[in-house]
Amino acid sequence: MNAENLPDVVSRNTIIDHLGSEVPQDFVVVSGHIDSWDVGQGVMDDAGGVFVSYKAALALRTLGLRPRRTIRTIFWTAEELGIYGGEAYFDRHRNESAHYQLMMESDFGTFTPRGIGIGSSLEVACIIQEIVKLTAAINTTEVEIVLDGPDIEQWADVGVPIGSLLHDSERYFWFHHTAGDSMEVEDIDDLDKISALWAAVAFVTADLSIDLQSLQ
């Protein structure tokens, strides 16, 4: 695949907070990883995930929608090298896990969305099922129990529900880690729909009076 090993350098996660109105110290996280394999542009892996996570929080801010909890957007660094950014964040914040309502990551492409994958109890999944009904107009109402998200999976071990994107991913490995992973693969309408889904789930879970971890 013509990949090349280069010397290690310092890199960092990028974090953007849309501060909550009542409990800003509690978080819902939307995320993707900012690095990519070197032979392509890394659009499906994972610029698309970064874009929808940024766009979702930006849309809420633009609309003046401020939930009770903070919505934290994270662009993970060095996922391709070994999930270094995700692991570093977990090591630094694991003792604050009670403050995390939900963590979501999109890192398996951004094709036509279908709904949300959720790594949680059935009770939490049922709440997510009710939330995604709000997105029926864009056909993103599916919910499946699935543990996915390389930078966030470890949070499930300490009781935090984790979410991922359900979408039509059959073509993902046509482009994964190849020169074909380029802008031409993306569809603008799909990105808009995913951003809307991401924003809806992030906002409602961040605004709930219920602590989702109490239902785990």
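The figures here come from the full heavy-atom set of this structure, side chains too, leaving out hydrogens, waters and symmetry mates. Counting from 1, the numbers follow the sequence of the chain as shown.
- Nearest heavy-atom pair across A156 and L147 is CB-CD1, 3.6 Å.
- R61 contributes atom CZ, which lies 12.0 Å from atom CG of L63 (distance to the nearest 0.5 angstrom).
- Screening I116, V201, T140 for a side chain to side chain contact (heavy atoms under 4.5 Å, CB included) with T135, the sole residue that qualifies is T140.
- Taking the side chain as every heavy atom from C-beta outward, I131 and I128 approach each other to under 4.5 Å.
- With respect to H18, the side chain to side chain contact (heavy atoms under 4.5 Å, CB included) criterion is satisfied by exactly one of L58, L60, T73, T70: L60.
- Side-chain contact between L197 and L165 is present, with at least one heavy-atom pair separated by less than 4.5 Å.
- Of the possible polar contacts, none joining the D17 side chain to the L19 backbone as a donor-acceptor pair under 3.5 Å is found.
- Two residues are said to be in side-chain contact when any heavy atoms from C-beta on lie closer than 4.5 Å; L212 and T205 meet this criterion.
- Interatomic distance, T14 OG1 to Y54 OH, rounded to the nearest 0.5 Å: 12.0 Å.
- For the residue pair N13/T77, the side-chain donor-acceptor check at 3.5 Å is not satisfied.
- Checking W155 against S97 by side-chain atom types alone, no donor-acceptor pair falls below 3.5 Å.
- Looking at heavy atoms from C-beta onward, T110 lies out of side-chain contact with H167 at the 4.5 angstrom threshold.
- In this structure, Y89 and I15 have side chains that are in contact, with non-hydrogen atoms separated by less than 4.5 Å.
- Residues W198 and S53 form a side-chain contact, since some pair of their non-hydrogen atoms from C-beta on lies under 4.5 Å apart.
- Between E142 and V132 the shortest side-chain heavy-atom distance does not fall below 4.5 Å.
- For residues 22-34, the set of pairs meeting the side chain to side chain donor-acceptor pair (under 3.5 Å) definition, not counting sequence neighbours, comprises E22-R68, D26-H99, S31-W76, H33-D35, H33-D45, H33-E79, H33-D107.
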